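Lettering follows sequence order; numbering is per chain, from 1. Note that the structure is a prediction, hence the values are computed from the model and not measured.
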2 protein chains.
Amino acid sequence: MSRKLLTIKYIGTNYHGWQVQKNGVSVQQKICEALNKLYSHEVNATGCSRTDSGVHALKYCLHFDDDKNFDNSTIVSALNSYLPNDIAVVFCKSVNQDFHARYSVKQKTYIYKLYTGVRDPFLEGFAYHYKGTLDIDKINEFAKHLTGTHDFAAFCSSKTTVKSTVRTIFEASASKKGNITTFKFSANGFLYNMVRILVGTLIYVSEGKIDVLDAEKIIASRERKNAGKTAPAYGLYLYDVKY
Amino acid sequence: MSRKLLTIKYIGTNYHGWQVQKNGVSVQQKICEALNKLYSHEVNATGCSRTDSGVHALKYCLHFDDDKNFDNSTIVSALNSYLPNDIAVVFCKSVNQDFHARYSVKQKTYIYKLYTGVRDPFLEGFAYHYKGTLDIDKINEFAKHLTGTHDFAAFCSSKTTVKSTVRTIFEASASKKGNITTFKFSANGFLYNMVRILVGTLIYVSEGKIDVLDAEKIIASRERKNAGKTAPAYGLYLYDVKY
């Protein structure tokens, strides 16, 4: 028996997130179906995080237990032949038996893509089309107050069930290239809808609906209503996972 | 009456190219349907080129005659509201009555995208997945002999109906960034399937199936069978049109 860490990439458009759901097809379901074919019995896949419905992943990690001692390269090519076009296995490596795709995570990074200007078919479903211009300086001014260890209850969907809403953000920033703005958030963990609420809040800061000096006040309030709207899922990408 | 030049962008996946077809939906049909709605009568759209089924366009130009003196910005936003998500109008400007989207073209540029390595869902349908590594130096060595004025009959589908197969290529090159190779071709015009055959030929050069020194010999032969395979349509993009 050997534990395997699998790195995958997927377009989230057609999936109800990672986690197996009653009401729709999930990425986990597709991965498990492929693993079941390869191993000829049920194999459980444990992911590094739930992701919201429609969210994409440039790097998503999961683990499973291999009881047939397949080569890592065989696992990659076999799973890729079973998976649909919008999910691909990038990498497979052997890890210690105590490795856990979710609990061993040290840092996760999400990016959020937004574009301005005329509607672009090539960005449809892959970046949020924002009708206006963003004030990147103001956004970054507010964003720097988000870094550090804080109680992020204000930036968390009320549907959450977690015990602690304290997280440490290592990086929060926005950068612009042409008409595309990329928000980047690295943390030791994220709350339910947290990145999308952070992005919605930063958009409000740019629009002057939230004062650029109010970051600490909003965090301290622990009130979801003081933060901005939840930005649409399809601009969000899980970008990196560090163990 | 004022002639308008329209710049559009489209994902070719769901279309049988630009030209109206009996057997499938074309981009021209979608543009004409949108124009007909805006003008409340039939409006003809003349494109800068046919494009093969499945080929994309980052910049495609067409002209039509406006008999209602609409503002250019009104035309852009109205047409965009009528068009499907995979076609967008980027720009509209007024041109002289003797301007012709096809006959006035001075230079057209196509790019072709190819990627290597593990299957990538985000490039599916947007770049050709090549299983191997390309020798960019060899490709560029061969490509430089393609520039200039030549009879390109060897690089033209036998289905062509054009009188002259002589064209002038201003640029033919390939460049690599990460695992993506981009081929670029600028010319005063292209023959039927020409760019896809040029790409297929350059791949053969990289693979040693065509000798890097044989460019002039193949051109002189005027025989389609001496060139490489026709690369798949979905890696090809009309990139620029100059008048």
Original post:
In this structure, are over 12 heavy atoms from other groups packed under 6.0 Å from A:Phe190 atom CZ?
Top reply: yes
Original post:
Which residues, numbered in order, of residues 77-101 of chain A come under 4.5 angstrom of chain B by heavy-atom distance?
Top reply: A:Asn80, A:Leu83, A:Pro84, A:Asn85, A:Asp86, A:Ile87, A:Ala88, A:Val89, A:Val90
**OP:** Spell out the residues in residues 123-136 of chain A that have some non-hydrogen atom less than 4.5 Å away from a non-hydrogen atom of chain B, in order of number; otherwise answer 'none'.
**Re:** A:Glu124, A:Phe126
Subject >> Proximity of residues 5-39 of chain A to chain B, residues having a non-hydrogen atom under 4.5 angstrom >> reply: A:Lys9, A:Tyr10, A:Ile11
**OP:** Tabulate, in ascending numerical order, the residues of residues 44-72 of chain A having at least one heavy atom closer than 4.5 Å to a heavy atom of chain B, or enter 'none'.
**Re:** A:His56, A:Ala57, A:Leu58
Original post:
Do other residues, nucleotides or ligands put more than 12 heavy atoms under 6.0 Å from the CZ atom of B:Arg3?
Top reply: yes
